[in-house]
There are 2 protein chains.
Amino acid sequence: MARTKEFNEDKALDKAIEIFWHKGYNGTSAQDLVTHLGLSRSSLYDTFGDKQKLFAKALKKYHEENYIKIKEILEASVNIKETLSVIFKLAIVESLEDRITKGCFMVNSSVELAMHDEEIAKIVTMNSQLMEEVFTNAVKKGQEAGHISKKLEAKVLARFIFNNYSGIRVLARTGERNKQVYDDIVKAVFSVL
Amino acid sequence: MARTKEFNEDKALDKAIEIFWHKGYNGTSAQDLVTHLGLSRSSLYDTFGDKQKLFAKALKKYHEENYIKIKEILEASVNIKETLSVIFKLAIVESLEDRITKGCFMVNSSVELAMHDEEIAKIVTMNSQLMEEVFTNAVKKGQEAGHISKKLEAKVLARFIFNNYSGIRVLARTGERNKQVYDDIVKAVFSVL
DNA sequence: TTTATTCAGGAACGATTGTTCCGTTTTATT
DNA sequence: AATAAAACGGAACAATCGTTCCTGAATAAA
């Protein structure tokens, strides 16, 4: 009985991820959203509720997509150490190529909002836990296969890897464009594995 | 010929660091500043210019104090490895004790503003360079004294250490309160040194 | 064709934003 | 005591904030 939506909600959400990722939550105005998503104020609020809800939904989508991607890559991997190296290299290439250095949407959101917004804090915590889990399982597999040193526990290494991944994303956000800096960090990280 | 200031500019700046650190730049309103610094709008603007200038001045002060502190500790150290361990432990204790988890003002500001504000970007870059320099010199000294492995170059290790320091500060900002997570990261980091 | 629903556009909302200005008070110097 | 400079509190500014509401157009089902 009703008119059909003229926009794709999923694509609109991707646009929301883009603009929030670039400008942050507080830095993105309602007008920015209208302009960037390309839909009217009324449609925007009818569809997503309000700015906070839209942000939470965008962050959740970002988390799901990234988490699944890394999970699948690691679970399909036969040589975890090499796969981890690929994951880091991808993050570095992304950091160096991006004209507008956006860093990592999850890291940015943690820093800006985790302590002021409970719902965002939940998403961040869930992401951290799942990432730790995925990395831990991967490291275990790598240790069993003899590709990764057993000197340190899998969970210890997983947390260590994730910490350096976060650090690199912060570095990217600051606009660091010297590849050598990233390579040095990865080199040191892999000397542990 | 003029009236004397009723407030201490330096102490007001410390208050500004506090509120900006806690709420971020965009999250802190002019009213927040008036309330927290305890001085009138007119005094605030007469003394510091505007919000952006006040923020930059606060961040610069934060940088100078922290940089000098770490520099002095490391230069006075006889066992660099132990001193680095102390520095990390202090950061962890600070993270776990702080009721309102503020993370690191420099990291927070990098993520929120570095790519949108050139002056802030300059401060962040300067801080990174100086910290890298201090850490590099320290590692060199540690390597010469035989306390730190020479397997990797001093600069590589310095960047690696700084990256993990940043990562830990992000973790703190997310509100992580499990000490084991921090300890695991430090354990892995020190296995390289 | 009618009806019900939801779309898009934009005007308008009150609240809050960062900032300025004014009138008064204070005080060090002359 | 007179003067000049600056700090003070608070009113007021225009602009922008996130959000709501109203209008008419569009369209799928009855």
Side-chain angles (χ1 to χ4, degrees), chain A residues 1-60 105 108-109 112-113 116-120, chain B residues 1-60 105 108-109 112-113 116-120:
Chain A
M1 296 184 188
R3 189 172 161 185
T4 49
K5 265 200 164 71
E6 289 191 6
F7 63 92
N8 182 310
E9 192 173 321
D10 205 60
K11 282 184 182 174
L13 213 47
D14 282 334
K15 287 282 187 185
I17 291 177
E18 273 183 23
I19 188 77
F20 278 134
W21 189 348
H22 177 49
K23 294 193 163 194
Y25 178 78
N26 285 311
T28 304
S29 69
Q31 187 53 49
D32 285 335
L33 291 169
V34 168
T35 305
H36 199 80
L37 303 215
L39 41 117
S40 68
R41 278 172 136 69
S42 46
S43 301
L44 207 158
Y45 276 85
D46 283 349
T47 310
F48 298 108
D50 59 21
K51 188 181 163 184
Q52 198 277 343
K53 278 184 191 131
L54 173 56
F55 186 90
K57 203 164 186 177
L59 185 61
K60 212 163 199 166
F105 188 29
N108 299 354
S109 303
E112 186 183 4
L113 299 174
H116 301 292
D117 186 315
E118 217 171 307
E119 195 181 354
I120 302 302
Chain B
M1 294 185 186
R3 190 172 160 186
T4 50
K5 265 200 165 72
E6 289 191 8
F7 64 91
N8 181 311
E9 192 174 320
D10 205 60
K11 283 185 182 171
L13 214 47
D14 282 334
K15 288 280 186 187
I17 291 177
E18 272 183 24
I19 188 76
F20 278 134
W21 190 347
H22 177 49
K23 295 194 163 194
Y25 179 79
N26 285 310
T28 304
S29 68
Q31 186 54 49
D32 285 335
L33 290 169
V34 168
T35 305
H36 198 80
L37 303 214
L39 42 116
S40 69
R41 279 172 135 68
S42 46
S43 301
L44 207 158
Y45 277 84
D46 283 350
T47 310
F48 298 107
D50 59 22
K51 188 181 163 187
Q52 198 276 343
K53 279 186 189 128
L54 173 56
F55 186 90
K57 203 164 185 176
L59 185 61
K60 212 163 198 168
F105 188 29
N108 300 354
S109 303
E112 187 184 4
L113 299 174
H116 301 292
D117 186 314
E118 216 171 310
E119 194 181 356
I120 303 302

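Since the structure is predicted, the reported quantities are computational estimates derived from the model, not experimental observations. A note on names: the letters A, B, ... follow the listed sequences, proteins ahead of strands, and every chain is numbered from 1.
Residues from residues 15-23 of chain A placing a heavy atom under 4.0 Å of any atom in DNA chain C do not occur.
For B/Glu119, the side chain to side chain contact (heavy atoms under 4.5 Å, CB included) partners at least two apart in sequence or on another chain are B/Gln52, B/Ala56, B/Asp117. Not counting sequence neighbours, the partners of B/Asp14 by the side chain to side chain contact (heavy atoms under 4.5 Å, CB included) test are B/Asp10, B/Ile17, B/Lys61, B/Glu65. Partners of A/Lys51 under the salt bridge (charged side-chain N to carboxylate O under 4.0 Å, His left out) rule, at least two apart in sequence or in another chain, do not exist in this structure. Shown here are the salt bridge (charged side-chain N to carboxylate O under 4.0 Å, His left out) partners of A/Asp32, two or more places apart in sequence or in another chain: A/Lys23. Annotation: side chain to side chain donor-acceptor pair (under 3.5 Å) contacts of B/Asp50 (sequence neighbours excluded): none. In terms of the side chain to side chain contact (heavy atoms under 4.5 Å, CB included) criterion, residue partners of B/His36 (sequence neighbours excluded) are, by chain and number, B/Lys15, B/Glu18, B/Ile19. The side chain to side chain contact (heavy atoms under 4.5 Å, CB included) test applied to B/Ala30 returns B/Arg41, B/Tyr45, not counting sequence neighbours.
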Are any protein N/O atoms closer than 3.5 Å to N/O atoms in nucleotides 16-22 of chain C? If there are, list each pair with its distance.
unit_1	atom_1	unit_2	atom_2	d
C/dG18	OP1	B/Thr28	O	3.1
C/dG18	OP1	B/Lys51	NZ	2.6
C/dG18	OP2	B/Ala30	N	2.3
C/dT19	OP2	B/Tyr45	OH	2.8
C/dT19	OP2	B/Lys51	N	3.1
C/dT19	O4	B/Arg41	NE	2.4
C/dT19	O4	B/Arg41	NH2	3.3

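Nearest approach of B/Ile120 to B/Ser109, heavy atoms of both residues: CG2-O, 4.3 Å.
One interatomic measurement links the two molecules: CG of B/Asp46 to C1' of C/dT25, which rounds to 15 Å at whole-angstrom precision. The interatomic distance linking A/Leu37 (CG) with C/dG9 (C1') rounds to 16 Å, in whole Å. Distance CG (A/Leu39) to P (C/dT6): 17 Å, rounded to an integer number of Å.
The phosphate of D/dG10 (OP1 or OP2) has no side-chain N or O of B/Ser40 nearer than 4.0 angstrom.
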